[in-house]
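None of these values were measured; they are calculated from a predicted model.
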Amino acid sequence: MFQWALIFLIVAIIAGLLGFSGIAGAATNIAWLLFVVGLVLAVIFFFRGRRPTL
């Protein structure tokens with residue numbers, strides 16, 4: 001998930017440098033969304049992994 005967020009962030013930076021503001025904005029939003037989803041999933045898996053199995 002974080003790898004895809006980094007890829008979209010790089011695409012946004014390159015598009016911003018080339019003047020494609022619409023593509024850069026969309027790629028930035030996608031990168032932010034993927035980062036947040038990945039962070040939430042990481043926290044969920046962290047706490048679920050610490051619980052003893054019954």
hydrophobic_cluster_shared for I30 and L33, side chain cutoff 4.5 Å: yes

Co-membership, hydrophobic cluster, residues W4 and L9, 4.5 Å side-chain: no

Over all atoms of both residues, closest heavy-atom pair of A24 and G16: CB-N, 3.7 Å

Linked, directly or transitively: I13 and F20 (ILVMFWY side chains, under 4.5 Å): no

Residue of the set L17, V11, L18 for which side chain to side chain contact (heavy atoms under 4.5 Å, CB included) holds with I14: L18

Single-linkage hydrophobic cluster F2~W32, side-chain heavy atoms < 4.5 angstrom: yes

L41 side, atom CG; L34 side, atom CG - distance, nearest 0.5 Å: 10.5 Å

Minimal non-hydrogen separation, F8 against A31, with atom names: CB-CB, 3.8 Å

Gap between atom CD1 of I44 and atom CG of L39 - 0.5 Å precision: 10.0 Å

